[in-house]
Novice: 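To start, I am sharing the structure in question, which I have written as structure tokens.
Chain letters run A, B, ... following the sequence lines, proteins first, then strands; residues in each count from 1.
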Amino acid sequence: MTALLEMRSITKTFPGVKALDQVNLVVRKGEIHAICGENGAGKSTLMKVLSGVYPAGSYEGDILYDGEIAQFRGIRDSEDRGIIIIHQELALVPLLSIAENLFLGNERATKGVISWPETFRQTETLLKKVGLSEAPGIQVGKLGVGKQQLVEIAKALSKDVRLLILDEPTAALSESDSQALLDLLLELKAQGVTSIIISHKLNEVRRVADSVTVIRDGTTVSTLDAHKEPITEDRIVRDMVGRDMAHRYPERTRRAGDVVFEVKGWNVWHPEHAERQVIKDISFNARAGEVVGIAGLMGSGRTELAMSIFGRSYGRNISGEVFVNGKAADTATVGRAIDAGLAYVTEDRKSLGLILDETIQRNTSLANLDAVATSGVINEARETEVAEKYRAAMRIRTPSVFQKVGNLSGGNQQKVVLSKWLFTEPEVLILDEPTRGIDVGAKYEIYGIINDLSAQGKAVVMISSEMPELLGMCDRIYVMNEGEFVGELNAQDATQERIMSLIVTE
Amino acid sequence: MSQTSAKAEGIGSYLVKHLREYGLLFALIAIMVFFQVVTDGTLLKPVNITNLFLQNSYIIIMALGMLMVIVAGHIDLSVGSVMGFVGALAAVMLVNWDLPVAVVIPISLVVGAAIGAAQGYFVAFWRIPSFIVTLAGMLVFRGLSLWLLAGQSVGPFPKSFQALSNGFIPDLFGVDKPNVTALVAGLIAVAVLIWMGVKTRARNAHYGIEDEPFAFFVARNAIISAALMFVIWKLAGFRGLPNVLISMVVLTVVYAFITERTTLGRRVYAIGGNEKAAKLSGINTERLTFLTFVNMGFLAALGGLVFAARLNTATPKAGFGVELDVIAAVFIGGASMSGGSGKIIGAVVGAFIMGVMNNGMSIMGIGIDYQQVIKGLVLLAAVFFDVYNKQKQG
């Protein structure tokens with residue numbers, strides 16, 4: 001078999017970071033090629049290079065497509081050559097019909113006038129190919145996620161796809177929908193379509209893939225060929241996680257006190273799709289002075305769990321109990337959750353954690369304004385003192401606390417968010433991806449702050465996609481997958497392999 | 001870098017950063033000077049200054065509420081109609097039902113607040129865009145005023161009601177020409193302004209906050225004090241301080257205090273700045289949004305009473321298009337369209353800029369057609385200046 005695509009020593013640098021370093025990828029004609037790697041390993045960046053989102057010239061290395069060097073300047077270019085990506089977040093317009101979506105931007109029209117009979121006829125043929133029996137006129141928003149995924153594939157087929165790239169296609173799908181999708185991939189393969197599938201579900205990878213490329217920290221670790229040797233999940237996991245982790249985390253003395261925070265039988269349903277249960281009967285606890293981790297892949301429901309606990313900020317039909325210091329806590333609104341002693345540092349600090357146009361001082365006091373006010377009148381002098389105190393304690397690098405937080409670096413912004421929550425004097429801190437998008441030095445400082453907090457006897461719950469971080473910081477780790485806790489590991493027993501295998505073997 | 005060059009750069013960059021705030025003040029002064037010249041001194045005659053306050057009082061009163069609504073990230077298109085409706089309701093109560101003024105005023109204010117509550121309910125708790133809710137309100141209350149007045153003008157009103165707008169504070173010192181009470185009040189106001197300025201400056205210095213250069217501080221205070229005393233002197237030589245000026249000043253001070261110094265005000269800015277972050281910080285965003293609309297309704301009602309009292313009659317056309325003047329005043333005053341920023345004092349100055357232009361152009365005899373065009377362009381220019389400045393600062 002000859003290669004359809006060959007990416008040779010692709011190197012892509014962003015200011016300060018080497019996202020891809022000499023990555024090689026060979027995809028043969030007519031095969032299903034899986035790409036595996038942890039979050040942040042560089043899979044998406046590689047696909048963006050391939051599809052022209054990062055245009056030719058912005059990276060080093062060559063893309064050989066059909067035996068010749070390709071220079072894609074944008075998505076249009078790569079699509080014209082039959083390379084089509086289906087992203088995890090579907091790019092469909094929910095209020096338009098299936099037919100309209102399929103030919104969006106590619107309408108069956110003469111001189112701008114759409115021919116509806118032609119559109120519908122072609123839509124029916126395409127839908128048959130992907131095994132959908134829906135009428136072409138149905139609104140896409142009325143279909144389930146699984147069927148929407150199939151519509152996306154039909155849309156790709158309408159563009160004469162030669163290389164189909166699927167980014168986590170089954171992440172949001174139910175078991176039976178996933179199986180149907182994988183069957184379709186095998187069928188398309190029989191018809192000569194080559195595909196690349198990015199997936200964390202190794203059992204699915206093993207089922208459909210002809211070869212697997214594992215990427216770690218922006219480099220190619222291995223390429224496995226199913227026709228030469230059987231591909232095992234163990235082998236893939238080992239290649240995905242094997243990295244050394246010496247001294248990236250400050251030393252911490254582990255001592256756990258009484259249970260401070262406990263959640264029992266927590267259930268949450270999706271806010272829009274009432275039939276989808278996002279959190280399934282989760283119970284966990286955290287002790288004073290303990291750092292408890294929640295591991296899991298993106299989309300496993302970690303953020304939804306935290307947000308639903310913190311003032312019911314996510315989901316509906318929430319049931320379950322929360323205890324703080326042994327007493328049932330009312331967390332029905334954010335205000336009451338704060339009063340109960342909870343604090344939640346959001347995953348997305350820019351859109352959920354900070355008011356970017358306001359100063360450090362005003363962001364710091366936001367969640368506990370009453371503490372710097374006397375009967376509703378803010379004492380600005382006291383407010384400034386508080387901000388200065390946290391600026392010093394957190395070592396926020398800024399000329400003054402009157403600086404807008406929008407002008408700070410990611411690490412310093414995160415310290416402002418932490419300041420805001422520490423000022424509420426919580427018993428329990430839930431940290432959601434506390435070091436995302438922060439450089440290594442600032443990460444180390446944040447870890448130091450977390451250790452200080454637990455030394456003060458606070459219970460810390462830490463959600464992270466970076467497994468080494470959890471292993472380096474936590475005393476205990478819960479493993480979460482698809483809305484459920486699938487395991488609990490003590491620090492001394494936990495390894496990346498064990499966590500990964502808990503996740504991938506359902 | 002030497003000390004002096006750092007300081008020189010400080011002045012330059014300070015001016016650039018705060019161009020908007022100084023710009024607004026200079027714009028008002030420039031516009032006043034311009035009209036003073038082209039109207040041969042009519043603009044700043046005592047009687048015309050008095051008129052300026054009387055004519056624009058209701059706009060300024062409503063701009064206070066509108067500022068908070070816009071800071072919270074919303075808009076209220078209904079204020080003109082609500083103002084007209086409450087004026088009409090008061091007229092009917094006073095003239096047709098013969099109710100005493102002391103009863104009519106509180107009822108009218110409560111009705112205004114209730115109207116604001118009704119609109120705020122849909123905006124805050126049902127998340128219907130305020131543009132739509134208040135557009136509906138605008139039509140509803142315009143219709144209701146027509147119905148209430150049956151297409152007729154209703155008036156005149158008792159003297160005590162008219163005094164809301166047309167009354168003056170008598171001279172407590174018995175001199176009357178000039179009105180010594182007015183002069184004393186003016187001097188006290190100047191003293192308070194300077195004292196507060198000095199206090200803020202001392203605090204800023206204490207915490208190392210970047211403040212305006214000392215020369216600017218002196219110049220700004222001198223100009224404002226001189227302008228204030230000039231206006232007061234003119235008023236004192238005529239009939240003294242209009243009642244409505246006193247209510248305006250008191251309301252402005254109260255709302256400036258609320259927005260800048262209280263937790264309530266701070267939280268409204270937080271909602272406009274980032275609603276999700278505010279909510280996740282424990283702020284009851286729905287309740288506060290609701291309250292800003294209640295407050296808007298209350299001030300619209302007050303505006304309606306003041307307006308009716310000044311004309312001494314309620315007409316079905318009262319309040320037509322006034323919402324646009326109020327909104328324009330807030331935006332000229334530097335509030336951001338996306339919410340989260342804007343100052344009370346800016347909105348008041350913005351309203352005066354509009355008011356002086358209206359007044360000056362009328363004295364000049366410019367037709368209503370051109371007046372609209374010019375006001376529209378001034379609004380666009382002010383907002384463009386904002387956006388341009390922001391982009392330049394990156």
Novice: A quick test of your reading: do over 12 heavy atoms of other residues, nucleotides or ligands sit less than 6.0 Å from CZ of B:Phe122?
Specialist: no

Novice: Would you name the heavy atoms of B:Glu260 and A:Glu380 that are closest together and state the gap between them?
Specialist: O-OE2, 4.1 Å

Novice: Less than 4.5 Å to any heavy atom of chain A: does that hold for the side chain of B:Arg261, its backbone, both, or neither?
Specialist: both

Novice: Taking all atoms of both residues into account, what is the closest heavy-atom pair of B:Asn274 and A:Leu354, and its distance?
Specialist: ND2-O, 2.8 Å

Novice: What part of A:Ser313 gets within 4.5 angstrom of chain B, counting heavy atoms only: side chain, backbone, both, or neither?
Specialist: side chain

Novice: So which residue, A:Ala381, A:Ala337, A:Ser375, ends up with the most heavy-atom pairs under 4.5 Å with chain B?
Specialist: A:Ala381

Novice: Crowded around A:Gln139 CD? As in, over 12 foreign heavy atoms under 6.0 Å?
Specialist: yes

Novice: What's the shortest heavy-atom distance between A:Ser365 and B:Arg266, and which atoms?
Specialist: OG-NH1, 3.7 Å

Novice: Restricting to non-hydrogen atoms, name the atom on B:Ser281 and the atom on A:Val334 that form the minimum distance, rounded to 0.1 Å.
Specialist: C-CG1, 4.1 Å

Novice: Quick one, B:Lys276 with A:Leu352, criterion side chain to side chain contact (heavy atoms under 4.5 Å, CB included). Give me CA distance, side-chain angles, the key distance, then yes/no.
Specialist: CA-CA 6 Å; B:Lys276 286 179 186 159; A:Leu352 300 178; 3.5 Å; yes

Novice: In residues 382-400 of chain A, which residues are in contact with chain B at a heavy-atom separation under 4.5 Å?
Specialist: A:Glu383, A:Thr384, A:Glu385

Novice: Is there a side-chain contact between A:Val377 and B:Phe257 in this structure, where contact means two heavy atoms from C-beta onward sitting under 4.5 Å apart?
Specialist: yes

Novice: What are the two closest heavy atoms between B:Leu280 and A:Phe310, and how far apart are they?
Specialist: O-CE2, 3.5 Å

Novice: If you compare all heavy atoms of B:Thr263 against all heavy atoms of A:Ala373, which two are closest, and at what distance to 0.1 Å?
Specialist: CG2-CB, 3.5 Å

Novice: Please determine if B:Arg267 and A:Asp370 form a salt bridge, counting it only when a charged side-chain N lies under 4.0 Å from a carboxylate O.
Specialist: yes

Novice: Looking only at heavy atoms, which of residues 342-351 of chain A get nearer than 4.5 Å to chain B?
Specialist: A:Thr346, A:Lys350, A:Ser351

Novice: Heavy atoms only, distances under 4.5 angstrom: which of B:Thr262, B:Ile283, B:Leu264, B:Asn284 has the most pairs with chain A? Name it, please.
Specialist: B:Thr262

